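Beneath this line is the structure, given in structure tokens, with notes to follow.
Treat the numbers as computed from the prediction; the structure is a model and nothing was measured. Indexing begins at 1, ligand by ligand and atom by atom, following the structure's order.
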Amino acid sequence: MRIVLVGPPGAGKGTQAAFLAKNLSIPHISTGDLFRANISKGTDLGKQAKAYMDAGNLVPDEVTIGMARDRMAQPDAQGGFLLDGFPRNVSQAEALDAALASDGVKLDAVLDLEVPEDEVVKRIAGRRICRNDSAHVFHVTYSAPKTEGVCDVCGGDLYQRDDDSEETVRKRLEVYHTQTEPIIDHYRAQGLLVTISALGKVDEVTERAMEALQTDRAAQA
Ligand code: ADP
Ligand code: AMP
């Protein structure tokens with residue numbers, strides 16, 4: 001399956017993507033994770049992206065679209081993928097449409113995770129991520145690690161993202177409303193949009209998402 005996950009920062013896209021990708025046997029492709037990996041490695045792409053990310057702005061399309069396309073061209077993504085954080089504006093959505101069309105393939109669904117704003121703010125404020133693997137995501141109260149600051153899965157250090165500060169989060173939410181939300185209508189018009197509530201326990205949301213994707217698939221068959 002080829003799926004796009006949409007939702008505000010802190011909705012739980014990365015958390016759900018880890019489970020959905022495993023259940024559906026497709027790679028989880030997060031442009032935010034790709035940028036952060038480039039920043040840790042000190043690449044030119046990472047250097048270009050960092051200032052935009054720290055300010056809560058989108059990294060320019062010229063950098064982002066090429067990076068996402070390169071990742072989607074990898075062998076493990078030929079049978080499908082779960083995109084998380086891409087596309088993030090209408091021009092990226094159009095570039096994705098064109099890239100898929102030139103490969104002769106289509107998206108199966110765009111899964112929109114709905115969460116009220118006060119909840120995403122709480123989720124982001126307590127988010128902690130493992131330095132070894134960004135798929136290991138915790139929350140200081142909602143899904144606390146057994147030992148503070150230590151990843152339950154691999155023992156790695158947990159850290160708070162630079163852009164999870166209160167001020168940057170406000171900017172990221174504004175960018176989400178003005179630039180990313182319009183892609184919801186773009187995909188609704190294509191009949192691809194599947195919306196679920198992302199409130200409740202992580203495994204309840206995963207179950208809801210799997211059910212919604214299966215129902216959608218059955219409806220299209
Ligand atoms: P996104 O990728 O959409 O920015 P994350 O998956 O990183 O969001 O989740 C943001 C924070 O919210 C993390 O700390 C995560 O542990 C927590 N979280 C994710 N899903 C839930 C949930 N269903 N209930 C409570 N907290 C959650
Ligand atoms: P995320 O990990 O998805 O929360 O993304 C973190 C930051 O990376 C965003 O605030 C942007 O600065 C940048 N970023 C991630 N994906 C994109 C994208 N598709 N387009 C532009 N910037 C992006």
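- Scanning the protein heavy atoms around atom 19 (C) of ligand 1, the nearest turns out to be Thr15 OG1, 3.4 Å.
- Applying the 4.0 Å criterion to heavy atoms of Arg36 picks out, from ligand 2, the atoms 2 (O), 6 (C).
- Below 4.0 Å from some heavy atom of Lys13 lie the following atoms of ligand 1, by number and element: 1 (P), 2 (O), 3 (O), 4 (O), 6 (O), 8 (O).
- Taking 4.0 Å as the cut-off, Gly7 does not count as a neighbour of ligand 1 on heavy-atom distance.
- In this comparison of Ile124, Leu96, Val59, the heavy atom closest to atom 21 (C) of ligand 2 sits on Val59.
- Those atoms of ligand 1 with a heavy atom of Val137 less than 4.0 angstrom away are 7 (O), 13 (C), 15 (C), 16 (O).
- Regarding atom 23 (C) of ligand 2, its nearest protein heavy-atom neighbour is Phe35 CE1, 3.7 Å.
- Cation-pi check for Arg131 over Tyr159 is met; the charged atom lies under 6.0 angstrom from the ring centroid and within 45 degrees of its normal.
- Considering Thr180, Thr64, Asp61, Thr178 as possible partners of Asn89, the one that fulfils the side-chain hydrogen bond (donor to acceptor under 3.5 Å, both in side chains) test is Asp61.
- Listed by number with element, the atoms of ligand 2 under 4.0 Å from a non-hydrogen atom of Gly85 are 16 (N), 17 (C), 18 (C), 19 (N).
- Atom numbering of ligand 1 starts at 1 in the shown order; those under 4.0 Å from a heavy atom of Val202 are 20 (N), 21 (C), 22 (C), 23 (N).
- Closest protein heavy atom to atom 12 (O) of ligand 2: Asn57 O, 2.6 Å.
- Taking a cut-off of under 4.0 Å to the non-hydrogen atoms of Ser143, the atoms of ligand 1 that pass are 16 (O).
- Ion pairing of Arg170 with Glu167 is absent here, as no side-chain N (NZ or NE/NH1/NH2) approaches a carboxylate O to less than 4.0 Å.
- Inclusion of Arg161 in the set of residues having an N or O under 3.5 Å from an N or O of ligand 2 is warranted.
- Using a 4.0 Å cut-off between charged side-chain N and carboxylate O, Asp163 and Lys171 make no salt bridge.
- Ion pairing between a basic and an acidic side chain is recognised when a charged N comes within 4.0 Å of a carboxylate O; Asp76 and Arg71 show such pairing.
- Per-residue contacts place Thr64 under 4.0 angstrom from the following atoms of ligand 2 (heavy atoms of the residue considered): 18 (C), 19 (N), 20 (N), 21 (C).
- A side-chain contact (heavy atoms from CB on, under 4.5 Å) with Ile183 holds for exactly one of Val110, Leu193, Asp112, Val90; it is Val90.
- For ligand 1, the atoms lying closer than 4.0 Å to a non-hydrogen atom of Gly14 are 1 (P), 2 (O), 6 (O).
- In terms of protein heavy-atom proximity, atom 11 (C) of ligand 1 is closest to Arg123 O, 3.4 Å.
- Among protein heavy atoms, the minimum distance from atom 14 (O) of ligand 1 is reached at Phe138 O, 2.7 Å.
- When hydrogens are left out, the protein atom nearest atom 23 (N) of ligand 1 is Gly200 O, 2.7 Å; that is the closest non-hydrogen contact.
- Residue Gln92 has at least one heavy-atom neighbour below 4.0 Å for each of these atoms of ligand 2: 18 (C), 19 (N), 20 (N), 21 (C).
- In terms of protein heavy-atom proximity, atom 7 (O) of ligand 1 is nearest to Arg127 NH1, 2.6 Å.
- Asp84 and Gln16 are not linked by any side-chain donor-acceptor pair at a separation below 3.5 angstrom, with hydrogens and angles left out of the test.
- The protein non-hydrogen atom at the shortest distance from atom 7 (C) of ligand 2 is Met53 CE, 3.8 Å.
- Ranking the protein heavy atoms by distance from atom 8 (O) of ligand 1 puts Gly12 N, 3.1 Å first.
- When hydrogens are left out, the protein atom nearest atom 26 (N) of ligand 1 is Tyr142 CD1, 3.3 Å; that is the closest non-hydrogen contact.
- The option from Arg172, Arg88, Lys13 that lies nearest to atom 3 (O) of ligand 2, judged by heavy atoms, is Arg88.
- Taking every heavy atom of Thr31 and a limit of under 4.0 angstrom, the matching atoms of ligand 2 come to 15 (C), 16 (N), 17 (C), 19 (N).
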